Amino acid sequence: MKKLFSVGMSLVLLPAIASTDPLPSWEGDSETQIVEFVQSVTDPNSEDYVIPSDRIAVFDNDGTLWGEQPAYFQLIYAVDQVAKMADADPSILTSDALKAAAAGDYQSLMATGKEGVIEVLKITHSGMTVDSFQEAVADWLATATHPKTGLPYDQMTYQPMVELLRYLRDEGFKTYIVSGGGVHFMRVFTQEAYGIPTEQVIGTYTETEYQVTDGVPQIVKAPAIGFVDDKEGKPINIERIIGKRPIIAGGNSDGDFAMLEWSTAGEGPRLGILVHHTDSEREWAYDREGHIGVLNRGLDEAAERGWVLVDMANDWSRVFTGFQ
């Protein structure tokens with residue numbers, strides 16, 4: 001019989017929260033709901049107890065674990081790379097999309113539509129080995145800074161979410177990233193930024209080819225998209241790669257809805273978490289409209305589904321890891 005965990009309705013007597021706060025940057029009901037759930041599934045005396053091998057937690061990356069405005073950080077990387085490539089060889093600027101990217105003109109780039117953005121991603125994400133691509137990403141992360149905060153991009157991770165990932169692992173969970181972002185891009189920084197190793201990063205990927213050049217075997221990134229890890233693709237990829245339904249799923253947009261819906265539909269206690277961007281002062285406020293991170297169905301259905309809707313402005317005392 002399916003049993004969804006419902007805050008305030010569980011009959012389980014939960015142990016007292018440890019004196020050391022596992023989530024020091026969290027406040028209010030969101031923290032309480034999360035901690036109570038984790039305590040219930042890790043207490044061997046609880047009727048909601050889940051064995052460690054089934055304690056799987058999956059999280060989106062963009063907008064859930066780090067920022068995503070004014071554009072996905074991976075797209076900002078691609079735009080910066082086009083400018084760098086154009087400095088070395090202006091003849092590559094053969095389209096309006098590439099010209100806009102080289103000029104750092106996001107408005108004009110977006111006006112070229114999905115096809116233009118894909119063109120920019122293809123020229124910067126293919127025709128090279130995976131190792132070469134990841135070296136370029138690492139070099140960019142070491143020098144690039146965000147236009148609003150001035151922080152390096154890998155310091156624009158959300159401190160409360162980093163704490164949550166650590167807390168879950170301390171309680172026997174295995175934490176995964178399941179993101180629409182490129183898997184080879186994310187694997188450059190996830191271990192250091194989140195404590196999540198490369199083999200636990202699931203994302204969109206290009207086709208790849210095995211080649212031996214001058215006796216050296218290598219994997220080369222091809223321009224064709226192999227799989228888009230977004231929307232319904234997320235639960236498909238989770239089932240394909242992890243092989244079991246997570247008991248915790250976290251996201252921030254309707255692109256994550258299917259992942260939360262599928263994860264919380266399983267047997268036993270389940271928890272869905274949605275990060276709601278409500279903080280226009282420390283970050284950005286957005287949800288139902290916009291070019292990125294749109295949240296409509298999640299807002300409408302979170303309460304009835306028992307998902308935790310995290311109010312960033314009120315539930316987090318700190319946002320970015322890069323700011324004290």
Side-chain angles (χ1 to χ4, degrees), residues 25 59-85 101-106 109-110 117 120-121 123-125 128 130-166 175 177-198 200-205 229-230 250-253 255-256 275 277 279-286 290-293 312 316 318-324:
S25 298
F59 293 90
D60 170 56
N61 185 49
D62 296 306
T64 301
L65 299 182
W66 75 349
E68 62 179 0
Q69 298 287 351
Y72 292 129
F73 294 169
Q74 186 170 353
L75 179 58
I76 295 175
Y77 162 79
V79 166
D80 287 353
Q81 289 299 105
V82 171
K84 182 178 179 180
M85 294 166 68
D105 185 348
Y106 286 92
L109 173 59
M110 295 304 175
V117 173
V120 168
L121 292 173
I123 199 173
T124 57
H125 286 61
M128 65 197 79
V130 171
D131 290 342
S132 296
F133 172 76
Q134 292 186 321
E135 287 173 6
V137 173
D139 289 343
W140 179 77
L141 286 171
T143 57
T145 56
H146 190 271
K148 176 180 176 179
T149 66
L151 290 172
Y153 287 94
D154 55 3
Q155 291 184 27
M156 289 192 64
T157 54
Y158 296 137
Q159 177 65 22
M161 298 303 289
V162 172
E163 293 170 2
L164 176 56
L165 292 169
R166 185 185 304 119
T175 55
I177 288 176
V178 181
S179 172
V183 66
H184 293 137
F185 181 85
M186 292 185 292
R187 284 175 175 170
V188 174
F189 60 87
T190 58
Q191 176 68 67
E192 184 173 351
Y194 307 126
I196 296 179
T198 57
Q200 289 165 220
V201 178
I202 299 171
T204 297
Y205 58 85
D229 192 65
D230 193 28
N252 78 293
S253 75
D256 305 311
V275 175
H277 292 266
D279 198 326
S280 61
E281 295 185 6
R282 296 181 298 175
E283 207 229 17
W284 297 270
Y286 60 98
H291 65 291
I292 198 170
M312 183 182 286
W316 288 357
R318 173 178 172 181
V319 176
F320 299 118
T321 57
F323 286 143
Q324 297 298 325

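In this text, all values refer to a predicted model and were calculated from it rather than measured experimentally.
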Less than 4.5 Å apart, any side-chain heavy atom of D279 and any of W284? no
Looking at G182, is its backbone amide N or carbonyl O close enough to the side chain of Q74 to form a donor-acceptor pair, meaning the two atoms are under 3.5 Å apart? yes
Side chain to side chain, H125 and Y77, heavy atoms closer than 4.5 Å: yes
Give me the atom names and distance for the closest heavy-atom approach of G322 to L151. O-CD2, 3.7 Å
Check whether T64 reaches the backbone of N252 with its side chain - one donor and one acceptor, N or O, closer than 3.5 Å. yes
Side chain to side chain donor-acceptor pair (under 3.5 Å) contacts touching residues 150-161 (sequence neighbours left out): T157-T321, Y158-E283, Q159-E163
Side chains of V117 and L75, heavy atoms from C-beta outward: is any pair under 4.5 Å? yes
Between atom OG1 of T175 and atom CE of M161, what is the distance when rounded to the nearest 0.5 Å? 10.5 Å
Side chains of L165 and L65: does their closest heavy-atom pair fall under 4.5 Å? yes
Tell me, yes or no, whether the heavy-atom count around E192 atom CD, taken from other residues, nucleotides or ligands under 6.0 Å, exceeds 12. no
Measure the OG1-CZ distance between T149 and R282 for me, rounded to the nearest 0.5 Å. 14.0 Å
Check: F185 and N61 side chains under 4.5 Å, non-hydrogen atoms: no
G181 and S179 have their tightest heavy-atom pair at N-OG, 2.9 Å
Donor-acceptor contact present, side-chain R187 to main-chain T198, <3.5 Å: yes
Can you find a heavy atom in the side chain of F189 that is under 4.5 Å from one in the side chain of W66? yes
Side chains of K148 and Q69: does their closest heavy-atom pair fall under 4.5 Å? no
Could you give the side-chain donor-acceptor pairs of residues 132-142 under 3.5 Å, partners two or more places apart or in another chain?
{"from": "S132", "atom 1": "OG", "to": "T129", "atom 2": "OG1", "distance (Å)": "2.8"}
{"from": "Q134", "atom 1": "NE2", "to": "H184", "atom 2": "O", "distance (Å)": "2.9"}
{"from": "W140", "atom 1": "NE1", "to": "D80", "atom 2": "OD2", "distance (Å)": "2.8"}

Locate the shortest heavy-atom distance separating V120 from A78; write the atom from each residue and the value. CG1-CB, 3.9 Å
Heavy-atom nearest pair, G251 first then D60, reads CA-CB, 4.0 Å
CD1 on I76 to CD on E68, rounded to 0.5 Å: 11.0 Å
Salt bridge (Lys or Arg N to Asp or Glu O under 4.0 Å) partners of R166, counting only residues at least two apart: none
Closest heavy-atom pair and its distance - H277, G63: NE2-O, 2.7 Å
Could you give me the CA-CA distance, side-chain angles and deciding distance for F59 and D256, then say whether side chain to side chain contact (heavy atoms under 4.5 Å, CB included) is met? CA-CA 9 Å; F59 293 90; D256 305 311; over 6 Å; no
Closest non-hydrogen atom pair, Y72 against G293: OH-N, 4.4 Å
Is any side-chain heavy atom of I196 closer than 4.5 Å to one of M186? no
